[in-house]
Number of protein chains: 2
Amino acid sequence: MPREPNLDALVCFDIYSANLAIGRLYKPLLEPLGLTYPQYLVLKVLWETDAQSLGTIGRRLGLESSTLTPLVKRLEARGLVTRLRDTGDERRVVVSLAEAGRVLEARTEGFARCLIEGTGMSVAEMEQIHRLMRKLTAGTVQQA
Amino acid sequence: MPREPNLDALVCFDIYSANLAIGRLYKPLLEPLGLTYPQYLVLKVLWETDAQSLGTIGRRLGLESSTLTPLVKRLEARGLVTRLRDTGDERRVVVSLAEAGRVLEARTEGFARCLIEGTGMSVAEMEQIHRLMRKLTAGTVQQA
DNA sequence: TGCGATTGCATCGCGTGCGACTTATTTCTG
DNA sequence: CAGAAATAAGTCGCACGCGATGCAATCGCA
């Protein structure tokens with residue numbers, strides 16, 4: 001007989017599993033584009049605002065440079081982005097969309113619809129998730 | 001000027017980032033126990049119900065055998081669980097808690113409180129997340 | 001101005017996470 | 001009951017994801 005699951009089990013299991021489930025949902029959509037799910041998220045950040053530094057992209061997605069550096073290099077190797085040192089601050093590397101990366105956005109237009117259909121969630125529920133996840137992430141203490 | 005983010009960006013980014021944020025929140029809690037976050041989740045499944053097959057654990061967490069096999073072997077190497085072939089069905093491997101794994105649960109009692117304090121979410125919001133994430137994961141089509 | 005502290009990116013090692021494939025066992029079907 | 005199909009676990013290669021660490025550029029403050 002299973003015991004009563006306690007609170008952190010609920011939230012941990014569910015967000016963990018939901019994230020993996022979304023990754024699986026996107027995999028067949030991204031395969032024709034030759035992209036992984038994290039690579040898609042990085043491109044999405046750039047489609048919103050082009051020419052951002054590695055650190056800015058990392059802060060947006062909650063990723064360390066040790067994760068982002070090799071990932072972006074793979075995007076560069078496929079000719080989707082360019083990496084250039086910031087002339088104003090030579091420490092920074094500015095990632096910009098190459099032409100091949102820019103035109104790729106058009107092929108992702110139906111993804112939001114697939115997400116709705118693939119999960120069976122309403123737009124209102126999606127927005128509720130958005131609000132709760134943002135609050136949760138923002139609430140986690142960023143130690144200096 | 002950033003363009004309007006579309007719907008899938010909201011949900012993808014936020015669940016992705018929230019999952020990473022929870023992992024970071026748990027890391028300092030799990031470090032003294034010598035556990036990774038996925039290892040903790042596997043033990044949590046066993047604390048709920050002991051002696052489950054590898055496949056059952058995988059279905060609960062949404063993990064493939066290729067991920068779970070080496071993870072559980074590491075838990076076995078630390079003496080936290082045992083792996084035994086099911087006598088009734090020799091294809092199955094039953095994972096059970098060893099004594100060291102069983103007593104470890106006591107040292108995780110404060111984690112739910114840390115999750116509440118670390119995220120700043122209320123219990124009601126946590127339960128709302130639980131409900132939405134379960135629905136989302138359940139809704140994703142499991143192809144035969 | 002100078003030099004220590006900080007910042008931004010990169011490298012390395014290890015632990016996930018998965019698809020494709022293999023092997024062993026069980027079940028299904030004629 | 002034999003052979004085919006299905007199922008369970010494991011192996012391999014590759015892509016994350018992070019902490020620890022290194023290095024160069026920049027900042028800050030005496």
Side-chain angles (χ1 to χ4, degrees), chain A residues 12 16-28 30-31 33-43 52-78 83-95 140 142-144, chain B residues 12 16-28 30-31 33-43 52-59 61-78 83-95 142-144:
Chain A
C12 292
Y16 181 80
S17 301
N19 185 49
L20 293 179
I22 291 181
R24 274 190 288 273
L25 182 66
Y26 270 85
K27 183 151 299 203
L30 293 172
E31 199 140 295
L33 310 186
L35 293 176
T36 66
Y37 183 57
Q39 287 169 6
Y40 168 66
L41 293 182
V42 169
L43 285 179
Q52 298 190 57
S53 77
L54 204 73
T56 307
I57 298 171
R59 251 168 268 124
R60 179 72 198 279
L61 293 172
L63 292 175
E64 303 296 321
S65 75
S66 48
T67 301
L68 215 44
T69 294
L71 190 158
V72 170
K73 281 189 174 177
R74 277 178 213 109
L75 291 178
E76 186 188 31
R78 296 186 191 204
R83 295 172 352 108
L84 287 172
R85 286 280 161 187
D86 187 324
T87 50
D89 185 342
E90 293 278 348
R91 292 171 303 182
R92 283 189 170 81
V93 167
V94 176
V95 184
T140 61
Q142 334 283 354
Q143 43 269 41
Chain B
C12 291
Y16 181 80
S17 300
N19 184 51
L20 294 178
I22 291 181
R24 274 190 288 273
L25 182 66
Y26 270 85
K27 183 151 298 205
L30 292 172
E31 200 140 292
L33 311 184
L35 293 175
T36 66
Y37 183 57
Q39 287 169 4
Y40 167 66
L41 293 182
V42 169
L43 285 178
Q52 298 190 58
S53 76
L54 204 72
T56 307
I57 299 170
R59 251 167 269 124
L61 294 171
L63 291 175
E64 303 295 322
S65 73
S66 48
T67 302
L68 215 44
T69 295
L71 189 158
V72 170
K73 281 189 175 176
R74 277 180 212 109
L75 292 178
E76 186 189 32
R78 295 186 194 204
R83 294 173 352 110
L84 287 172
R85 286 280 161 187
D86 187 323
T87 50
D89 185 343
E90 291 279 346
R91 291 172 302 182
R92 284 189 170 82
V93 167
V94 176
V95 184
Q142 334 284 355
Q143 44 270 40

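Order of the sequence lines sets the chain letters (A, B, ...), proteins ahead of strands, with each chain counted from 1.
- Scanning all heavy atoms of the two residues, the minimum distance from A:Gln52 to A:Thr56 falls at OE1-CG2, 3.2 Å.
- Regarding A:Leu63, its CG atom lies at a distance of 16 Å from the C1' atom of C:dG8, rounded to whole Å.
- In this structure, the nucleotide among D:dC27, D:dA9, D:dA6 sitting nearest to the side chain of A:Arg91 is D:dC27.
- Heavy-atom distances to DNA chain D give each of A:Asp89 and B:Lys27 a nearest nucleotide, and the one nearer the 5′ end belongs to B:Lys27.
- For the pair B:Asp86/B:Ser53, no side-chain contact is recorded, criterion being any heavy-atom separation below 4.5 Å from C-beta on.
- Here C:dC9 presents its P atom at 9 Å from CG of A:Asp86, a figure rounded to the nearest Å.
- Among the atoms of the strands shown, base atoms are found under 4.0 Å from some heavy atom of A:Ser66.
- One N or O on the side chain of A:Arg85 and one on the backbone of A:Arg91 form a donor-acceptor pair closer than 3.5 Å.
- Checking B:Ser65 against B:Tyr37, the closest nucleotide of DNA chain C that is more toward the 5' end is the one next to B:Tyr37.
- Close to C:dT16, at under 4.0 Å from its OP1 or OP2, lies a side-chain N or O of B:Gln39.
- Counting non-hydrogen atoms under 4.0 angstrom, B:Leu68 reaches nothing in the nucleic acid.
- The interatomic distance linking A:Arg85 (CZ) with D:dT26 (P) rounds to 10 Å, in whole Å.
- Looking only at distances, a side-chain donor or acceptor of B:Arg24 sits under 3.5 Å from a matching main-chain atom of A:Gly62.
- Following rounding to the nearest Å, B:Tyr16 (OH) and C:dG17 (C1') show an atom-to-atom distance of 12 Å.
- Between A:Tyr37 and B:Tyr16, the ring-plane angle classifies as perpendicular under the 30° and 60° cut-offs.
- Checking the phosphate oxygens (OP1, OP2) of D:dC16, no side-chain nitrogen or oxygen of A:Lys73 falls inside 4.0 Å.
- Along DNA chain D, the nucleotide nearest A:Gly88 and the nucleotide nearest A:Pro70 are compared for position; the residue whose nucleotide lies closer to the 5' end is A:Pro70.
- The distance from atom CD of A:Glu90 to atom P of D:dC23 is 19 Å, rounded to the nearest whole Å.
- Using a 4.0 Å cut-off, no side-chain N or O of A:Thr67 falls inside it from OP1 or OP2 of D:dC16.
- Among the nucleotides C:dG17, C:dG15, D:dA15, the one closest to the side chain of A:Thr36 is D:dA15.
- The residue B:Arg74 sits close to a base: some heavy atom pair falls under 4.0 Å.
- Close to D:dG10, at under 4.0 Å from its OP1 or OP2, lies a side-chain N or O of B:Arg83.
- One interatomic measurement links the two molecules: CD of A:Gln52 to C1' of C:dC9, which rounds to 16 Å at whole-angstrom precision.
- The residue among A:Leu54 and A:Glu31 whose nearest nucleotide of DNA chain C lies closer to the 5′ end is A:Leu54.
- Nucleotide C:dG15 holds its C1' atom 19 Å from the OH atom of B:Tyr40, rounded to whole Å.
- For the pair A:Leu35/A:Leu75, a side-chain contact is recorded, criterion being any heavy-atom separation below 4.5 Å from C-beta on.
- Using a 4.0 Å heavy-atom criterion, one finds that B:Gly62 contacts the sugar-phosphate atoms exclusively.
- Distances shown here put every side-chain N or O of A:Arg92 at or beyond 4.0 Å from the OP1 or OP2 atom of C:dA10.
- Atom CZ of B:Arg24 and atom P of D:dA20 are 14 Å apart (whole Å).
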